[in-house]
Amino acid sequence: MGYKTGYEVMEKLIEFSITKTVLPFPKMILLGLLAGVYIALGGILMTVVVSDISFYSGFGITRLISGSVFSLGLILVILVGAELFTGNNLMVIGLLSRRIGFIAMLKNWLISYSTNFAGSLMLVSLIGLSQLWFLNDMEVGFTMVDIANSKVNLGFWTAFWRGVGCNFLVCLAVWLSVSGEDNISRILGIYFPITAFVALGFEHSVANMFLIPMGILAASQSDVAPVISHLDLSHLNVTDFLVYNLIPVTLGNTVGGAFLVGYIYWYIYGRR
């Protein structure tokens with residue numbers, strides 16, 4: 001397994017930043033939608049796998065397995081190719097190196113963010129039509145709602161700081177994947193940081209674009225109502241999702257990725 005040095009990774013990330021700013025608009029749209037779908041696939045796989053695992057294992061093991069299976073999302077984004085907003089926060093390296101402009105970077109972020117959201121909602125629709133909440137005697141439906149409900153009850157600043165921690169690890173995963181010279185190295189580079197962020201309970205904006213709407217949809221189903229009747233779902237609505245989770249988590253993700261990884265490693269390896 002070969003690897004690139006920090007300076008070589010820096011140059012490669014600058015090249016990626018330039019490429020991302022000149023992508024034709026239709027390709028950018030498709031790649032953004034795919035990124036939302038891929039992260040959502042990791043989210044639904046995690047939901048199904050952990051729907052009853054807590055009955056057989058402890059708190060830590062459950063979270064470890066959750067992170068392990070959720071890693072599928074970023075593995076698909078990196079190895080297959082897609083435009084993920086949180087990973088694209090590393091484009092700040094190209095900006096600081098004066099190889100791309102601020103407007104070009106911001107345009108990429110806005111398009112990737114909005115299309116990631118659309119892709120996530122597309123998978124919510126597919127899961128809804130598939131009625132996966134019936135799996136495991138409705139335990140999957142309960143888990144969908146429970147995950148979403150816990151996220152909308154975090155509070156603004158808790159969600160923000162968990163967003164910072166999340167994208168610090170996600171962008172480190174991107175860095176490690178770029179440093180690898182073969183797919184096995186790239187997968188391992190992605191696996192450990194992503195497993196860590198999920199196990200630690202950090203918050204990923206694009207994942208939440210799927211997990212919370214999925215929980216809202218599941219909670220609205222009459223078949224799911226009996227298994228969630230004991231939960232307080234007063235905050236599980238679109239307004240609280242946007243105001244108390246998605247906005248603070250997005251801001252935190254941007255700080256964690258663009259500053260804690262992008263700026264600091266540019267200062268170490270790229271600043272002349």
Side-chain angles (χ1 to χ4, degrees), residues 36-37 39-70 72-73 116-163 166 197-250 252:
V37 170
I39 296 299
L41 284 172
I44 190 59
L45 176 62
M46 176 190 72
T47 302
V48 171
V49 169
V50 304
S51 62
D52 66 351
I53 197 170
S54 58
F55 292 111
Y56 308 105
S57 60
F59 173 80
I61 296 299
T62 300
R63 284 179 170 261
L64 177 64
I65 295 173
S66 297
S68 296
V69 297
F70 183 80
L72 169 69
N116 290 171
F117 204 165
S120 298
L121 294 179
M122 286 168 59
L123 203 69
V124 169
S125 300
L126 176 62
I127 300 304
L129 292 170
S130 304
Q131 297 189 327
L132 292 190
W133 45 74
F134 282 109
L135 294 177
N136 194 19
D137 295 327
M138 212 68 74
E139 284 295 331
V140 169
F142 172 80
T143 305
M144 288 174 175
V145 177
D146 191 43
I147 289 173
N149 195 45
S150 66
K151 290 179 177 293
V152 296
N153 281 283
L154 287 174
F156 188 95
W157 288 109
T158 299
F160 171 82
W161 290 111
R162 291 193 184 191
C166 168
F197 108 66
V198 176
L200 291 170
F202 290 152
E203 294 287 309
H204 189 270
S205 57
V206 180
N208 290 356
M209 292 172 183
F210 168 76
L211 292 169
I212 299 178
M214 188 72 257
I216 293 173
L217 177 62
S220 69
Q221 306 302 308
S222 58
D223 295 311
V224 181
V227 300
I228 60 172
S229 58
H230 62 289
L231 297 178
D232 178 7
L233 303 180
S234 57
H235 295 289
L236 189 58
N237 54 69
V238 174
T239 300
D240 283 16
F241 160 47
L242 296 175
V243 175
Y244 295 108
N245 186 276
L246 191 59
I247 290 174
V249 169
T250 300

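Throughout, numbering of the chain's residues begins at 1 and tracks the sequence.
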Chemist: Identify the heavy atoms of A40 and L123 that sit nearest to each other, and give their distance.
Modeler: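 That would be CB-CD2, 3.3 Å.
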Chemist: Rounded to the nearest 0.5 Å, what separation is found between the CG atom of L121 and the CG atom of N116?
Modeler: 11.0 Å
Chemist: Let me have the donor-acceptor pairs involving side chains of residues 141-150, under 3.5 Å, with sequence neighbours excluded, atom names and distances please.
Modeler:
unit_1 : atom_1 : unit_2 : atom_2 : d
T143   : OG1    : E139   : O      : 2.8
N149   : OD1    : N153   : ND2    : 3.3
N149   : ND2    : D232   : O      : 3.1
S150   : OG     : D146   : O      : 3.4
S150   : OG     : I147   : O      : 2.7

Chemist: Can you give me every donor-acceptor pair (side chain of residues 200-214, partner residue at least two apart or in another chain, under 3.5 Å) with its distance?
Modeler:
unit_1 : atom_1 : unit_2 : atom_2 : d
E203   : OE1    : K151   : NZ     : 3.3
E203   : OE1    : N208   : ND2    : 2.7
E203   : OE1    : N245   : ND2    : 3.3
E203   : OE2    : K151   : NZ     : 3.1
H204   : ND1    : V206   : N      : 3.4
H204   : ND1    : A207   : N      : 3.1
H204   : NE2    : T86    : OG1    : 2.9
S205   : OG     : N253   : OD1    : 2.9
N208   : OD1    : K151   : NZ     : 3.2
N208   : ND2    : N245   : OD1    : 2.8

Chemist: Which side-chain N or O atoms in residues 218-231 pair as donor and acceptor under 3.5 Å with protein atoms at least two apart or in another chain?
Modeler:
unit_1 : atom_1 : unit_2 : atom_2 : d
S220   : OG     : L217   : O      : 2.6
Q221   : NE2    : L217   : O      : 3.1
S229   : OG     : P226   : O      : 3.3

Chemist: What pair of heavy atoms forms the shortest contact from L45 to V69, and how long is it?
Modeler: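 That closest heavy-atom pairing would be CD2-O, 3.7 Å.
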Chemist: Working to the nearest 0.5 angstrom, can you tell me the gap between T158 OG1 and F156 CZ?
Modeler: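 CZ of F156 is found 11.0 Å from OG1 of T158.
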Chemist: Above 12 or not: heavy atoms from other molecules or residues under 6.0 Å from CG of N136?
Modeler: yes
Chemist: Rounded to the nearest 0.5 Å, how far does CD1 of I44 lie from CD1 of I39?
Modeler: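 Going from CD1 on I39 over to CD1 on I44, the span is 14.0 Å.
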Chemist: Looking at side-chain heavy atoms only, is the closest gap between Y244 and L154 below 4.5 Å?
Modeler: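 The answer is no, as the side chains (C-beta and beyond) never meet within the 4.5 Å cut-off.
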Chemist: Between NE2 of H235 and CG of L233, what distance do you get to the nearest 0.5 Å?
Modeler: 10.5 Å
Chemist: Quick one: does F160's side chain get under 4.5 Å of I247's, heavy atoms only?
Modeler: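 F160 vs I247: side chains apart.
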Chemist: Can you tell me how far apart CG (L135) and OG1 (T47) are? Round to the nearest 0.5 Å.
Modeler: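 Reported to 0.5 Å precision, the distance equals 11.0 Å.
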Chemist: For the residue pair S120 and G36, what are the closest heavy atoms and their distance?
Modeler: OG-O, 3.6 Å
